[in-house]
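All values derive from a computational prediction rather than experimental measurement. Any value given below was found using the heavy atoms of this structure, including those in side chains, with hydrogens, waters and symmetry copies removed.
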Amino acid sequence: MAHSFPLSSPFSSQQFVAETGNDAETGHVAGAHDAGAHVAETHVAETHVAETYDVGAHVAETHDAGAHVAGAHDAEARDAITKSVPISKRKREEEDEYVPDGFRATKRNHPGLSGPVDSRPEPCGEPLVWAEKRQALCDALGYFKSHQGGIYTKEKKPYGMFVDKEAEIRDCFFSQVIIATVGGGRVRDSKTNKMGRRVDQAPGSYAPDAMATHRNRAIVMIGGALHPLFPVKPPHYYNVLAHFQITDVWYDKVMGINGEPVSRVVARFEKIDLNNRSWWTPAGSSGPDAGEFSVGEYACESKTCPTCHRPSKEIYKQGWACLNNGLWDDVEKDYPNPCPKFFEFSSPQNVNELEYNDSFLRERTRYDDSKPLDHDIVPRLPSNHDNDLGCESAFKRGIVCPQCGCCSRRIRWEGWFCENPGCDFEYTVPMRQIPIGSIANDDMLLVKQRKNSASALKDVKHESIRVFESQEEGKPAITTWFLPDEKQGAEQSFIGSVTRIQATPEAHDRNGGYHDLYRALQGQDIRLARSGAKSAGGKNEELTNHFITNFGAPYKYGVVVDNTVGFQDAPKPVMETLLRLTWAGKAAVDTTHNWIEDGNLTVKEDAIPRDFEAYNEQLILGYFQDSKIGAHDDGEETLGPNVASLSLGSPSVMTFRPKKNKRIGDTSKISEKNRAPMLRFVLKHGDMLVMHGAIIQKLYNHQVESKGKHRFALTCRHVIPETIPNAEQRALAFVNGRIPDEWAKIQYDGEQDQFESRITGEVVALPPDAVESIKDGTKKPGDLSLKDLLVVEKWANKLFRECVAAQLAQSNPHYEDTASEPRFELISRIIEDRESLAQLPPQDLSHIKEWAGVVCCECSVLQQLLTT
């Protein structure tokens, strides 16, 4: 039964038949998702990752746990619809496997719907904002941060709504009006394997309340490419439509899967700007044929119920019925008693065959301009303000590309790069050198937070854990905790140690100390980037919360690290850290066994090895403000039993918990994942942490929560090449994990805080990198390899990017200028060495010319080079 609403596009149907099931795997508008907590951009992962990622808090920002998951459907099917790639022939043949039942029902009831998405008419325009990945959409837009649900709310106010794959009976998708059900309540019918309603949608549900209490409020609507009623070919998967206002929210009825009518909540959304044509209007259509009407042309009549004395619009062709079923009344500001005559018509009706009145569909409402819109459709690009360092949480959110409208996540540490393959837009906000004073402020703030008696950040040590401490004047402070095995009888045995090594203040402050190491690491381009932690590559891909890079042997820790670099090409701070952590790892093993003997501890057989295996891999994680890692372990089969990590920058809180169903600690909630903590302590700037004993990873999860604006975690492991199944990766582990000769000759002595020759024991300087070689005059440009020239190029480019930020920061009392030489002294020295330049191979000279033109157009020497 087709509706008489005049539209040129056959996709503008409002009617579905009951047998369709008309639902996706889960409901896209199934529940309002409050983000009052707004835990922005942190996410959890139940997968184990070594000091790496959280994939759970990210979703916590956006939705209530009880809400349905939006548009959860086959990732491969969702990939079929992109801007430039139509649905393939193979996908057409498999259409029944991924096109929702509602779409097939629409085709049966409306012969004009002859094919899938690519048979629909072309749109008359393009969306201002779009995305191909859900996370990119949520990262970039303030009005939609629901990573799973279809409605985004904050403090019970709706801001954005996503209508996608599924549609129910009488849902509509027109150029100026959208009608959709709101709230959850659908279940899968075990007989038909289709989604439907079994019981009435209860009054007071979150999503309906959010809509009903904010009638006439502006909300941004977003259309998904798999919505069966999308009136045109969707140009992208996620398409921002426009600002709409919530004009009507009411209860109606449909036939439930048990064969009885059930009630549900429906909302009508009307586009606010009626003067400009909607981009999703079919090309070539206009006026009534395009569903375009003006305020005052039509009005839907309202009648007062003689039973409950409340008004209801006559929205159905079949006649008037009272729509009062206890939904929030925004005029009376209360929940009315449901009317005994709710949804009773003057004559019996099949609830699945009801149709909307033309007057209801064509009625237009003038928006109250005194209510400002909460968000612009296209958000502004982020920029530094006042004392911003460039690593605050706001700078990790996504952007909308000003060139093409693509929502793009901050995937790379250095800035934003449009995720549209056909666009070359790049954007950076220079990150300032983090002052050491800022780290001290973070430390003090954490101390205040931990003083709260209810704080979840306080130190914890379960009674079954043994702890030993060593503190000698002028030497690092060492604390070792022994973690217990599962309870076996009366005697308690231990399976591993956790050792924290805290350097002396002198080791932090001296030239070449931890402060300088932290500064040096900030000055390096180490290719930090976020990787896919969940549904990698698909529309529902979730990136790691932090940025990752790997040096040495290849390492996969729950997410694939694509940017592995061999130690032979690693920058100086990486190699220096490797030496420091190698000492820490050995010291922790020695200390562990000394305490086992002195404390007469019972240790599970072979659980705590006596030997130390040299590290051949280093994973570096970069954290912005408010980042954290969910519970995980470092128990990959390719790893040795020892893991060591160095913290640089803001403090963090590390927590160990028993895994599910492990008989350790508090067993009252033994079957839960988030069990009571066994051990919790703080890691500060310069602290080293060593876990020793492989069984730790089998029995315990650990998590790290950064408590500041900027932090690096550099973690070393021994990857066992022989255990890597892939022959190419196995060979790469041997090659990339080999320490260069100039570094292999040096060792670090943490007790004396000095670097020494492995052969003579004499104090030695660390090998210089390419930049330092030119600074001290030991090398000329002609002596540098292409690899070293690229190092200099990266340094020069970074120097230039920081120059503007440094100038702006000089008025800041907390500003630290760590560069003693003039900004372009090194560049000038390279270029003025004309004789050396003449000896360079053409490809090397072209590299210098390329970055010289970028680095500083004001440098006369560079200008001279470029013109000769």
Where is the tightest heavy-atom contact between [X] and [Y], given as atom of each residue plus distance?
X	Y	answer
Val574	Gln618	O-NE2, 3.0 Å
Phe551	Pro571	CE2-CD, 3.6 Å
Arg120	Val232	CD-O, 3.5 Å
Pro641	Glu613	CD-OE1, 3.2 Å
Gly415	Thr428	CA-CG2, 4.2 Å
Gln729	Pro554	OE1-CB, 3.2 Å

From [X] atom [atom1] to [Y] atom [atom2], the distance as rounded to the nearest 0.5 Å:
X	Y	atom1	atom2	value
Thr577	Leu714	OG1	CG	4.5 Å
Phe567	Met575	CZ	CE	5.5 Å
Glu426	Asp424	CD	CG	7.5 Å
Ile526	Glu414	CD1	CD	10.5 Å
Arg527	Asn550	CZ	CG	10.5 Å
Cys407	Gln135	SG	CD	12.0 Å

Between the main-chain N or O of [Y] and the side-chain N or O of [X], is there a donor-acceptor pair closer than 3.5 Å?
X	Y	answer
Arg717	Leu639	no
Tyr427	Pro382	yes
Arg530	Arg410	yes
Ser408	Glu419	yes
Glu617	Gly552	no
Asp376	Val378	no
Asp139	Arg397	no
Ser393	Gln625	no
Arg730	Ile724	yes
Gln524	Gln522	no

- Task: Could you check whether the rings of Trp130 and His236 sit parallel, tilted or perpendicular, using 30° and 60° as the cut-offs?
- Result: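 Parallel: the ring planes of Trp130 and His236 meet at under 30°.
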- In terms of the angle between their ring planes, are Trp279 and Phe230 parallel, tilted or perpendicular, with boundaries placed at 30° and 60°?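 If you compare the ring of Trp279 with that of Phe230, the planes turn out tilted.
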- Message: Walk me through whether Arg409 and Glu541 qualify under salt bridge (charged side-chain N to carboxylate O under 4.0 Å, His left out).
- Response: CA-CA 11 Å; Arg409 299 162 291 182; Glu541 176 185 65; 2.9 Å; yes
- Item | Aromatic contact, Tyr143 with Tyr152 (centres under 6.0 Å) |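 Between Tyr143 and Tyr152, the centre distance exceeds or equals 6.0 Å.
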- Query: Would you say the ring centroid of Phe624 lies under 6.0 angstrom from that of Trp413?
  - Reply: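 Yes, the ring centres sit under 6.0 Å apart.
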Regarding [X] and [Y], is there a side-chain donor-to-acceptor distance under 3.5 Å anywhere?
X	Y	result
His710	Tyr518	yes
Asn545	Lys396	yes
Thr655	Arg680	yes
Tyr615	Asn642	yes
Glu636	Tyr555	yes

- Set of residues satisfying salt bridge (charged side-chain N to carboxylate O under 4.0 Å, His left out) with respect to Lys698, sequence neighbours excluded: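 Per chain and number, Lys698 pairs via salt bridge (charged side-chain N to carboxylate O under 4.0 Å, His left out) with no residue.
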- Task: Step by step, work out the side-chain hydrogen bond (donor to acceptor under 3.5 Å, both in side chains) result for Asp164 and Tyr238.
- Result: CA-CA 9 Å; Asp164 191 23; Tyr238 301 97; 5.9 Å; no
- Task: Kindly indicate, with the supporting measurements, whether the criterion side chain to side chain contact (heavy atoms under 4.5 Å, CB included) is fulfilled by Val498 and Phe656.
- Result: CA-CA 10 Å; Val498 176; Phe656 287 81; 3.8 Å; yes
- SB check Lys709 Asp626 (cutoff 4.0 Å):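 Looking at Asp626 together with Lys709, the answer is no, because their closest N to O distance does not fall below 4.0 Å.
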- Does the distance from a Lys or Arg side-chain N to an Asp or Glu carboxylate O, for Glu705 and Lys707, drop under 4.0 Å?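 Salt bridge: yes.
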- Message: Going by side chain to side chain donor-acceptor pair (under 3.5 Å), Arg711 matches just one of Ser627, Ser647, Ser650. Which one?
- Response: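 Among the candidates, only Ser647 passes.
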- Task: Let me know which of Arg134, Lys534, Lys133, His147 forms a side chain to side chain donor-acceptor pair (under 3.5 Å) with Glu542.
- Result: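 Among Arg134, Lys534, Lys133, His147, the one that satisfies the side chain to side chain donor-acceptor pair (under 3.5 Å) with Glu542 is His147.
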- Message: Set out, in order, the CA-CA distance, both residues' side-chain angles and the distance that settles side chain to side chain contact (heavy atoms under 4.5 Å, CB included) for Val429 and Trp416, then state yes or no.
- Response: CA-CA 9 Å; Val429 175; Trp416 295 265; 3.8 Å; yes
- Chi angles and distances behind the side chain to side chain contact (heavy atoms under 4.5 Å, CB included) call for Trp280, Phe173: CA-CA 10 Å; Trp280 62 96; Phe173 196 150; 3.9 Å; yes
- Message: Take a 6.0 Å sphere around CD of Glu722 and say whether it holds more than 12 heavy atoms from other residues, nucleotides or ligands.
- Response: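 Enclosed.
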